[in-house]
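So the structure is just underneath, and the comments pick up after that.
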Amino acid sequence: MAESYMKNRTMKMYLMFLFAFTVLIVQANSKPAISTIYEFPSGVSLENIAIDSSRNSILVTSDNTPSLFQISFPIHPHANASARIIHAFPNATGLLGITKYAPDTFAVIVGNFSIAHFGQDTFFSVWSIKFFDKGCSHNAELKFEVQKIADIPQARMLNGMASLDEASKAVLIGDSLAGCVYRLCILSGEVKVVLNDETMKPDDTPGGPISLRSVALNGIRKVTIVNAHDHGNDTYLYYSNSNKTTINRVLIDALTGHALGPFTTLTTNGGGLSPDDLAYDYNSGDVYFAGHMDDVIVRVGSNGKETVVEHVIAPSSLMFEAREQSRILYCTTAGGSKDGTRRGAGKLLAIHLDD
Ligand SMILES: *[C@@H]1O[C@H](CO)[C@@H](O)[C@H](O)[C@H]1NC(C)=O
Ligand SMILES: *[C@@H]1O[C@H](CO)[C@@H](O)[C@H](O)[C@H]1NC(C)=O
Ligand SMILES: *[C@@H]1O[C@H](CO)[C@@H](O)[C@H](O)[C@H]1NC(C)=O
Ligand SMILES: *[C@@H]1O[C@H](CO)[C@@H](O)[C@H](O)[C@H]1NC(C)=O
Ligand SMILES: *[C@@H]1O[C@H](CO)[C@@H](O)[C@H](O)[C@H]1NC(C)=O
């Protein structure tokens with residue numbers, strides 16, 4: 001628990017962060033399938049997402065900016081969303097996974113890493129952000145506290161994060177190159193490997209070159225499903241493997257994170273679209289993933305079949321709106337460029353599923 005900052009200089013930060021591009025654009029389709037909630041200036045690549053219903057806002061991370069952003073929904077129906085920097089982390093190049101692990105409290109992965117020298121000389125830590133105000137994300141003074149939870153020197157390339165049951169006071173963190181999941185105890189800062197399986201690792205040629213294409217374990221999501229037999233809760237970790245192009249799941253202990261069943265691959269096509277982060281649909285049992293490399297959003301049915309449901313440039317993460325039965329899937333995008341072509345800025349989108 002090294003550093004602690006108390007923040008209440010919201011207005012100042014607000015002014016420092018005057019991004020003028022906020023529009024609600026409904027695409028010119030017959031049905032309003034996708035709307036842009038917020039578009040960042042070019043150069044900000046969004047990476048991950050957490051919904052903060054208490055402040056009517058969404059927190060997003062960027063993998064090429066060491067700042068945590070808060071995007072606030074407008075108070076008035078025809079106004080634009082706004083964004084501001086909540087906190088800029090020292091000694092970091094970018095942020096990765098973010099998850100709510102207690103009321104009003106989020107954990108975020110802070111990293112020093114380079115895309116050009118991917119996987120070399122990386123350094124990661126995990127920090128917590130605790131908010132003290134409710135319901136007032138706009139011009140009000142926003143009080144929150146930022147604290148380091150732990151350094152994770154053994155990490156090779158941290159990526160996704162998911163909370164375990166609140167009683168555990170712990171989060172799970174995926175390592176994309178080591179191909180394993182760590183459990184981080186929030187109170188003690190203790191880190192240990194709790195899940196380690198071939199389905200989380202790259203298809204490696206040992207000693208071969210490491211690049212972005214080596215990223216294996218990517219998104220991780222905790223999914224709690226009522227067991228039809230004993231009406232107790234079954235907790236699964238759903239996870240994507242970008243390198244192996246699979247979506248997988250494993251039954252876990254909701255407190256320790258240890259596996260209670262086999263590691264199962266759900267996708268059956270074996271070698272199609274490469275998933276970035278994913279979201280579980282409690283309505284249907286389907287999984288949606290961000291097909292970052294292929295510019296698609298894909299639905300994986302319970303039979304393992306993949307269906308492209310939307311075309312989105314460089315989608316990075318997905319999360320359903322917190323409301324029960326919601327059909328709104330929030331999506332972050334990385335923007336950037338590909339094959340020398342500019343592909344716009346990072347965005348927060350809302351995809352309205354019409355299933
Ligand atoms: C929302 O943003 C757009 C584009 O910047 C602007 O034209 C419009 O006036 C804004 N609307 C409001 C209510 O501020
Ligand atoms: C940033 O890194 C430098 C060099 O490693 C170190 O001296 C300094 O204490 C770090 N600052 C913070 C806030 O971690
Ligand atoms: C970030 O990593 C690079 C490469 O290892 C290192 O040179 C640099 O000192 C690190 N920065 C900080 C502030 O720790
Ligand atoms: C998987 O990673 C290996 C290197 O670790 C790389 O050679 C291979 O091309 C990657 N596969 C895909 C589908 O990106
Ligand atoms: C099962 O999970 C639900 C929702 O998270 C929770 O309200 C309920 O108390 C849990 N039941 C048991 C037996 O743990």
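Numbering of ligands and ligand atoms starts at 1, following listing order. FYI, the numbering just counts along the sequence from 1.
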Contact between Phe320 and Tyr282 at the side-chain level, heavy atoms closer than 4.5 Å - yes or no?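 Not touching, per the 4.5 Å side-chain cut-off.
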Indicate, as side chain, backbone, both or neither, the part of Asp203 found under 4.0 angstrom from ligand 4 when only non-hydrogen atoms are considered.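 For Asp203, only backbone atoms sit under 4.0 Å from ligand 4.
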What do you reckon, does Thr245 have a nitrogen or oxygen under 3.5 Å from a nitrogen or oxygen of ligand 4?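 For ligand 4, there is no N or O atom that lies under 3.5 Å from one belonging to Thr245.
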Can you list everything that forms a ring-ring contact (aromatic ring centres under 6.0 Å, His included) with Phe89? Sequence neighbours excluded, please.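 Phe89: ring-ring contact (aromatic ring centres under 6.0 Å, His included) contacts with His87, Trp127.
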Flag the pair Asp281 and Arg299 as a salt bridge only when some basic side-chain nitrogen lies within less than 4.0 angstrom of an acidic carboxylate oxygen.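 Salt bridge: no.
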So if I count the atoms of ligand 4 from 1 in the order they appear, which ones are less than 4.0 Å from some heavy atom of Ser214?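 Those of ligand 4 that fall under 4.0 Å from Ser214 are 2 (O), 4 (C), 5 (O).
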For Arg213, counting its heavy atoms only, list the atoms of ligand 4 lying under 4.0 Å from any of them.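 Contacts of ligand 4 toward Arg213, numbered from 1: 1 (C), 2 (O), 10 (C), 14 (O).
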Residue pairs passing the salt bridge (Lys or Arg N to Asp or Glu O under 4.0 Å) test where at least one lies in residues 152-172, sequence neighbours excluded: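 For residues 152-172, and leaving out neighbouring residues, the salt bridge (Lys or Arg N to Asp or Glu O under 4.0 Å) pairs sorted by first residue read Asp165-Lys222.
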